[in-house]
Amino acid sequence: MTKKQHVKKIVIVGGGTSGWMTAAALSNQFKNQAIEITLIESSQMGTIGVGEATIPTLRRFYSKLGFSDIDVLKATNATCKLGIEFKGWSGDNSSFIHPFGLFGQAVNHVPFHHYFHKLKLSGDNTPFANYSLGVNLAKDNKFFQPSLTPKNQLDIFDWALHFDAALFGKLMRDYSISNGVNLIDSKVYQVDLAKIDGAIETLHLENTEKITADLYIDCSGFRGLLIEQAMQTGYEDWSQYLVCDTAVAVQSELIHSPVPRTIAHAQKAGWQWQIPLQNRMGNGMVFSSKFIDKDEAMSTMLNNIEGKTYQEPRSFSFTPGRRKKAWNKNCIAIGLASGFLEPLESTSIALVETAIEKITQFLEEPEYGQEEADKFNYAMSQEYERVRDFIILHYKLNGRTDSPMWQYCRDLEVPQTLSDKMKAFKNNGELVRLPWEIFGNDSWLAIYDGLNFSPNSFDSRVDKFSNMFLKEQLNLMQAGIKSTVDNCQTHAEFLKQHCDFKG
Ligand SMILES: Cc1cc2nc3c(=O)[nH]c(=O)nc-3n(C[C@H](O)[C@H](O)[C@H](O)COP(=O)(O)OP(=O)(O)OC[C@H]3O[C@@H](n4cnc5c(N)ncnc54)[C@H](O)[C@@H]3O)c2cc1C
């Protein structure tokens with residue numbers, strides 16, 4: 001790509017979550033410009049049909065399209081998610097919550113955790129979790145929508161959704177079509193590349209149509225129909241760091257009132273998820289096929305499910321990693337076509353959102369060239385790597401002894417970027433934030449603390465406060481959080497008030 005291209009026609013291949021989110025956002029962005037957007041999907045092939053836990057960025061995504069939280073909760077049978085509960089990652093009876101929110105309150109601009117660690121190093125054993133409103137709401141199955149003008153840091157938490165992926169796809173689809181997106185239901189069976197530069201020239205459809213565009217967006221899922229099968233862009237394989245490569249999943253009856261948190265329960269050679277919706281439970285097990293076979297993983301998952309299952313379990317194989325160039329010539333891959341990291345921190349849809357956000361910015365002109373493609377590829381590679389490191393951290397710090405997989409993960413040589421962060425934290429509690437991180441410092445703190453990785457020292461500015469003074473301050477923080485949680489409605493009450501939840 002040498003000269004700038006004018007974009008008058010965009011074709012999106014794939015009608016899964018990523019395809020319809022892309023169509024919705026682009027049709028919203030360019031509704032007053034003469035840009036034609038077409039989405040090609042194959043109803044015969046279907047979508048992946050999983051991907052139901054999100055992070056708070058999703059709420060920002062749909063609010064830009066004009067949807068309120070309550071609109072989406074109702075339309076997708078969704079429940080509220082305050083974070084993820086990790087059960088068993090330090091041994092069978094262990095548990096901690098990674099909340100979407102802060103821990104404690106800074107004093108004199110020194111981050112809270114340094115005060116906490118000073119007390120901890122002098123023998124105080126109050127759990128770190130006691131200083132997080134998000135954790136305590138999640139633990140007690142309470143929920144309220146956070147204030148847009150919090151009184152102080154102790155009031156700051158965020159939330160996301162557990163939703164029905166098919167219903168969310170439908171919401172995005174209806175929105176896109178009402179915004180003028182053309183839909184073609186047919187299978188792309190051939191992709192022609194230009195002889196001169198290898199860019200995409202024509203898509204051949206089974207309904208005999210031949211489609212051309214100025215820009216092609218590949219949302220065709222793991223197969224990467226355009227970006228890989230046709231253009232052979234290449235894939236960076238991260239299996240050396242992330243050993244899980246298979247998942248099984250099934251939906252089941254909802255037995256208990258839905259909790260406002262995802263459960264990620266460590267098992268012999270992987271972990272099992274529970275994602276509660278208003279009307280059913282989503283279950284799945286992610287595991288390493290090198291350490292356990294599919295039948296054993298499947299029976300572990302099914303044995304752990306209360307209530308009847310709704311269909312035959314499905315299985316998925318994947319290679320953790322990312323496409324070497326998500327934007328190659330006139331093709332941009334989004335969603336599973338651009339890469340995949342296991343769903344431990346529910347990041348795939350978030351990476352779809354960040355890709356869409358960048359594309360809409362680049363296309364604002366609307367023309368693009370190699371410079372935009374290079375910037376996009378750099379940013380996406382960084383975001384993937386930062387998420388990769390965060391997920392590896394969970395495995396690296398595990399405390400399980402029930403299968404060689406967990407020992408393998410503890411012994412793993414992690415990427416330099418991660419080992420530098422861990423060293424800085426171990427030394428004196430320093431939290432290194434790299435550009436393009438999706439997860440902030442408090443998320444890292446939640447995992448460090450939850451998996452018993454404590455610093456040897458703390459910021460020396462804390463030394464000027466006596467332990468007695470600090471203890472008083474920290475007790476006040478705990479009391480404030482407890483009082484907020486005690487006086488708050490349950491998650492089930494919130495859903496009953498705003499949705500058709502009978503629960
Ligand atoms: C086990 C598992 C659990 C997951 N859990 C989460 C989670 O909790 N949170 C999260 O954020 N993400 C999760 N994900 C990821 C999430 O499912 C995906 O990121 C999301 O669904 C987007 O998928 P997609 O749209 O890219 O692909 P798909 O859903 O696979 O859609 C591909 C589309 O392309 C179409 N297509 C393919 N080939 C052709 C062709 N030749 N012609 C025409 N159309 C074609 C298909 O018909 C389909 O419409 C999970 C993934 C897996 C595997």
Side-chain angles (χ1 to χ4, degrees), residues 11-23 38-58 61 81 84 160-166 168-169 172-173 183-191 203-207 209 211 216-230 244-250 262-264 270-275 277 282-287 297 301 313-320 323 326 333-356 387 438:
V11 165
I12 301 165
V13 175
T17 308
S18 65
W20 283 116
M21 283 174 72
T22 307
T38 298
L39 186 144
I40 304 167
E41 68 177 358
S42 163
S43 49
Q44 281 168 4
M45 299 175 80
T47 65
I48 192 147
V50 278
E52 309 204 312
T54 63
I55 64 173
T57 50
L58 177 85
F61 175 84
K81 172 181 174 186
I84 302 175
L161 268 60
H162 301 123
F163 62 33
D164 180 324
F168 186 69
M172 294 295 105
R173 186 185 207 261
L183 166 62
I184 303 176
D185 184 351
S186 185
K187 187 173 168 187
V188 178
Y189 73 88
Q190 187 182 316
V191 180
L203 305 181
H204 297 260
L205 308 192
E206 278 190 350
N207 70 2
E209 278 184 84
I211 305 285
Y216 298 84
I217 303 192
D218 186 350
C219 294
S220 64
F222 281 134
R223 53 180 69 74
L225 184 72
L226 312 184
I227 196 85
E228 197 57 55
Q229 287 186 5
C244 289
D245 57 4
T246 318
V248 287
V250 72
T262 305
I263 311 284
W271 59 277
Q272 179 157 358
W273 80 73
Q274 278 185 324
I275 301 176
L277 304 190
N283 311 274
M285 167 109 171
V286 176
F287 59 96
M301 174 183 78
R314 295 187 307 135
S315 69
F316 311 84
S317 300
F318 53 84
T319 306
R323 207 61 66 198
I334 298 187
L336 298 174
S338 73
F340 183 63
L341 292 164
E342 60 160 274
L344 186 59
E345 285 284 353
S346 323
T347 41
S348 277
I349 294 171
L351 288 164
V352 169
E353 293 155 28
T354 64
I356 293 172
V387 172
I438 289 183

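We count ligands from 1, going down the list as the structure has it; atoms in each ligand are counted the same way. The figures here come from the full heavy-atom set of this structure, side chains too, leaving out hydrogens, waters and symmetry mates. All residue numbers refer to positions in the sequence shown, counting from 1.
Within the 4.0 Å heavy-atom cutoff, S186 counts among the residues contacting ligand 1. Residue contact annotation: F340 has a non-hydrogen atom under 4.0 Å from ligand 1. Using a 4.0 Å heavy-atom cutoff, V50 is listed among the residues neighbouring ligand 1. Look at C219 and you'll find a heavy atom under 4.0 Å from some atom of ligand 1.
Only side-chain heavy atoms of P343 come within less than 4.0 Å of ligand 1; its backbone N, CA, C and O stay farther off. Of the heavy atoms in R223, only side-chain atoms (C-beta onward) come closer than 4.0 Å to ligand 1. Residue V286 does not touch ligand 1, judged by heavy-atom distances below 4.0 Å.
Between Y189 and H204, the ring planes lie tilted relative to each other; the angle falls in the 30° to 60° range. By the 30° and 60° cut-offs, the orientation of the rings of F163 relative to F168 is parallel.
The N/O atoms of T347, backbone and side chain alike, include none that comes under 3.5 Å of an N/O atom in ligand 1. The shortest N or O to N or O distance between W273 and ligand 1 is not under 3.5 Å. Looking at L336 next to ligand 1, an N or O pair under 3.5 Å apart turns up. In terms of N/O distances under 3.5 Å, ligand 1 is approached by S42.
Taken from CD1 in I211 to CD1 in I184, the straight-line distance is 3.5 Å, to the nearest 0.5 Å. Distance check, rounded to the nearest 0.5 Å: OG of S18 to CD1 of I334 gives 7.0 Å. With rounding to the nearest 0.5 Å, the separation of CG in L351 from CG in L336 is 10.5 Å. Rounded to the nearest 0.5 angstrom, I40 CD1 and C219 SG are separated by 11.5 Å.
Taking every non-hydrogen atom of G16 and a distance limit under 4.0 Å, the qualifying atoms of ligand 1 come out as 25 (O), 29 (O), 31 (O), 33 (C), 49 (O). Residue G335 has at least one heavy-atom neighbour below 4.0 Å for each of these atoms of ligand 1: 26 (O). Distances below 4.0 Å separate heavy atoms of T47 from the following atoms of ligand 1: 29 (O), 49 (O). Atoms of ligand 1 found under 4.0 Å from any heavy atom of E52 (numbered from 1 in listed order, with element): 7 (C), 8 (O).
Residue M45 holds the heavy atom nearest to atom 36 (N) of ligand 1 of all those in M45, Q229, Q44, E206. Across S43, G51, A350, G46, heavy-atom proximity to atom 46 (C) of ligand 1 is greatest for G46. Selection from S18, A53, G15 by nearest heavy atom to atom 8 (O) of ligand 1 gives A53. When the heavy atoms of T246, V188, L203, D218 are ranked by distance to atom 42 (N) of ligand 1, first place goes to V188. For the residues S348, S338, G14, the heavy atom positioned nearest atom 35 (C) of ligand 1 is part of G14. If you check each of A247, A165, G49, S346 against atom 1 (C) of ligand 1, the one with the closest non-hydrogen atom is A247.
Contact check for L226 versus L203: side-chain heavy atoms found under the 4.5 Å cut-off. Taking 4.5 Å as the limit, some side-chain heavy atom of M301 sits within range of a side-chain heavy atom of P313. Side-chain contact check for V11 versus V13: some heavy-atom pair is nearer than 4.5 Å. At least one side-chain heavy atom of V248 sits under 4.5 Å from a side-chain heavy atom of S315. L58 places a side-chain heavy atom less than 4.5 Å from the side chain of M21. Side-chain contact between W273 and I84 is absent, with no heavy-atom pair separated by less than 4.5 Å. In this structure the side chain of W20 reaches within 4.5 angstrom of the side chain of L183, judged on heavy atoms.
Taking both residues in full, the closest heavy atoms of A333 and S338 are given as O-CB, 3.4 Å, listed atom of the first, atom of the second, then distance. When every heavy atom of T262 is checked against every heavy atom of H162, the shortest pair comes out as OG1-NE2, 2.8 Å.
For atom 11 (O) of ligand 1, the closest non-hydrogen atom of the protein is I349 N, 2.9 Å. Of the protein's non-hydrogen atoms, G221 CA, 3.5 Å is the one closest to atom 27 (O) of ligand 1. Of the protein's non-hydrogen atoms, the one nearest atom 20 (C) of ligand 1 is T17 CB, 4.0 Å. Here the protein heavy atom with the shortest distance to atom 30 (O) of ligand 1 is I48 N, 3.6 Å.
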